[in-house]
Amino acid sequence: MPGKVDLRPECASKQPWLGSLAFAEIPPGRRRLNRLLPQAGSILLTLLLTIPIDVHAARQARNKHSVTLNDLRSLKTGTLTALAPDGRTLAYAVDEEIWLISTRPGSAPQKVGSGHLPVWSPGSDRLAYYSSQSGTLQLWVLDIQANRAEQATNVVEGIDPDPWTRMIGYFHEAFRYSWSPDGRRMAFASRVPASGGNSAARQNDSTKPARSPQMGAPLVLTATTPPEWTLHGIFTHGFGAGAWSNGKVSYESDPNSGSPSTKVNQLFLADINAKTVRQLTTDDFGYFHPDWSPDGKKIVCASNEGKSLQGGSSGTTNVYSINVATGEKVAITHERGDKFMPSWSPDGMWIAYRGGEHFGIEHVFVVPAAGGAPRVLSPRDRYIQEHQWAGDSKSVIVMYRDGVTDSIAQIGRGTDVVKILNEPEAAVRNLLTVSRSGSVSWQESSPSTLGVLRVLPAGAGTSQVLVDLNPQIQQWELGEQEVLRWRNHRGDEMEGVLLKPADYRNGHRFPLIVDAYPMQRNSLKGVMSGNQAWASRGYVVFWPNARAPHVWMNPFKSEAYSRAAKGPSGWDITFDDVMSGIDELIRRGIVDPDRMGLYGFSNGGGIVNDLVTKTNRFRCAVSVAGAVSDWLRPALLETDSKFPDFEGGTNPWKDPDPYIKLSPIFRLENVTTPMLLADGDNDGTFLLNTVEMYNGLRRLGKDVTFLRYADQDHGFTGAALEDFWNRENAFFDRYLKGAGL
């Protein structure tokens, strides 16, 4: 990063208004000045005022270039940010590198280490982070003044939290750790073999014999063995229990690994000075997301209470307080539902946590630290995705999804007053961090930016840019991107995102690529999404943000809005959402109805696979790693499948018809659209969906091509990405522009 681009936030090149004035009228203030002069003088002044700007703008326009694959591959985003308690410094992680930048305007960032998940000590004098530079994943601590980092833990085989303790949040939440208020210790979670104790997953020794090719002993599966054992060793990728390797989760299985073990998350305390680690919890309840109390005597955490979290199968987790000296635990909550990411208020009087009904809307709850009835903080009809206490303990700062935008808001603990902190532009916002001094920071991505780190100083009314992780975007010729609003045929108010070609002109109808991935916000997109490179190639790109049966539990607008697509009739909602948006584009004269194609990756691929069975309006369709095109297979294959919950409660043994209705593979006879399918050989259940699609289309004599990429997972990289990019664009050009392959 250093030496390649200028990351200083106040660069003169970051004045987008300069380019917009080319060939424009003189601003009104200058016109008023001209009226005071003779006509000839006015003309001369006009020339003097406009020529330098026009020349500069023209030069800028000439220096811009069409967006390419390599441009998209150059994009970077932060993976976590952390404001120092004093608010003077922001730490952030990008591509396994730790950076620091002063929150003073005009500051430049400095790389300080290799790793991820930086967390400041209470005194703002040290920074902890995870790193694998010693060979295994450990916690390291950087002394800011001495500029020296030391390894703080030496856990055998590395720190290994349960990946499923991320619940439905970010993967980094499974890694959550906390400093003690005196800055001498840190609490973190890691898995160890289960002891048998009180675990609901406790096994008799007779149910888990050692298995090896020499012994020939079977893996005995009963009604009580952990669900993750069922597929252990059968598939080489995609169905393991999950393990962390260099800070990234892998689900690879080893067919020759013998009997699987039952592991449980425990809490550990690391002494920074003594370089020792002590296990705090010892039963088999499972503990995660620790946060140290301000008085240093307790740690609040979440617990799965012995239930497996495999596949997101929870239903109830609770918040516990653990005595640091004795290990005694006290349940703070008792209600049903998910509860996670608990945190103490700075005054130690309250605990805030996220949660709600399993697969339901996420709220922030506040409960007295001594226990009591939890209280929901508003806004009640939006999904809260991040939260942190304000320094005065009187309010909580939250980030919530609201259609095509994310909002940062401050909510009063006892008043429910909601104050929006971010600027009004619709954009993606995440990585919320709050300092004790009152400043707030987040990462923001808009239609023309990606990975911009902003800070709102305490008491300020407007945030400011600290770091732009992708200043190269300023040299790209971008198509205009806007929020499109319309009503579907049911009368529902819809919000989608429209990207116009870079050479867009009114009155001309362009070929259309519909990116079917749901719940897209108004930001610049990467290579596995519809993107500016397609706009550079002359395509309109449209994200209709359709609801669908397999994504109703994910946040977008209100709970009722999302749940409308739950169950077998949900695909009718999907069809209406997509096609009504396309009809609106045609009505506005933007799109050529005879040159429309579909694209979908992952959840979007699942929507594409259904749409092609219901309409012949698309000239071609690309489906990459499509999700749940067959609802019966995972319901029958996965021991603890959540598909009955997705569908609405009906199990396939009682009534298979809803599962058949939900599965596009049973309607492939209707497909007339030429299809390009693609997936990586290591993509587990997504690959099985794609294989089923291909086999059905091929057997029925449909126009289908299947690209399988070795050593690729969910999404493509390296040479495989470049190959797919070329084939995909040739496919679209052939059917939507008439170009040859």
Side-chain angles (χ1 to χ4, degrees), residues 156-158 160-165 190-245 249-266 282-286 304-315 628 630-645 651-654 656 659 680-692 695 710-711 713:
V156 177
E157 297 183 359
D160 179 32
D162 183 352
W164 293 109
T165 58
S190 188
R191 287 184 293 184
V192 299
S195 63
N198 299 319
S199 173
R202 177 163 48 95
Q203 308 302 316
N204 297 321
D205 288 342
S206 60
T207 69
K208 49 177 184 177
R211 185 178 73 165
S212 68
Q214 291 75 26
M215 293 178 58
L219 175 64
V220 180
L221 302 172
T222 70
T224 60
T225 48
E228 56 265 32
W229 285 19
T230 306
L231 298 177
H232 177 82
I234 296 177
F235 299 93
T236 58
H237 295 82
F239 289 95
W244 295 102
S245 175
V249 69
S250 170
Y251 292 99
E252 295 188 17
S253 297
D254 181 358
N256 300 315
S257 63
S259 177
S261 63
T262 301
K263 291 185 176 183
V264 62
N265 245 38
Q266 302 286 9
T282 56
D283 61 39
D284 288 348
F285 255 42
N304 50 300
E305 300 178 322
K307 299 180 293 294
S308 173
L309 295 175
Q310 178 79 7
S313 54
S314 171
V628 289
D630 178 1
W631 287 61
L632 271 174
R633 177 181 44 74
L636 301 175
L637 183 68
E638 300 170 16
T639 302
D640 198 27
S641 171
K642 303 308 295 180
F643 277 78
D645 298 304
N651 69 62
W653 297 275
K654 180 179 293 186
Y659 290 81
D681 282 354
N682 300 343
D683 201 19
T685 186
F686 293 93
L687 176 62
L688 299 183
N689 279 298
T690 310
V691 168
E692 289 187 58
N695 282 337
D711 300 320
D713 296 292

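Because the structure is predicted, anything quoted here is derived from the model rather than measured.
Among all heavy-atom pairs drawn from Q266 and V192, the shortest one is CG-CG2, 3.5 Å. Residue W229 comes nearest to L221 through the heavy atom pair CB-CD2, 3.9 Å, listed as atom of the first residue, atom of the second, then distance. Nearest heavy-atom pair across T262 and P226 is OG1-CG, 3.6 Å. Nearest heavy atoms, G158 versus S190: O-OG, 4.3 Å.
Annotation: the span from W631 atom CH2 to N689 atom CG amounts to 10.5 Å, rounded to 0.5 Å. Taking CG of L688 as the reference point, atom CZ of F235 lies at 5.5 Å (rounded to 0.5 Å). Here the CG atom belonging to L637 is positioned 11.5 Å from the CG atom belonging to L632, to the nearest 0.5 angstrom.
Screening residues 681-691 for salt bridge (charged side-chain N to carboxylate O under 4.0 Å, His left out) gives D681-R708 as the qualifying pairs, with residues at least two apart or on separate chains.
One N or O on the side chain of N265 and one on the backbone of D162 form a donor-acceptor pair closer than 3.5 Å. At least one donor-acceptor pair under 3.5 Å links the side chain of K307 to the backbone N or O of N304.
Contact of the W653 side chain with the L636 side chain is registered, since non-hydrogen atoms from C-beta on lie closer than 4.5 Å. Considering only heavy atoms from C-beta on, P163 comes within 4.5 Å of R191 through its side chain.
P634 is linked by a side-chain contact (heavy atoms from CB on, under 4.5 Å) to E638, F643, counting only residues two or more places apart in sequence or in another chain. In terms of the side-chain contact (heavy atoms from CB on, under 4.5 Å) criterion, residue partners of T690 (sequence neighbours excluded) are, by chain and number, L677, D679, F706.
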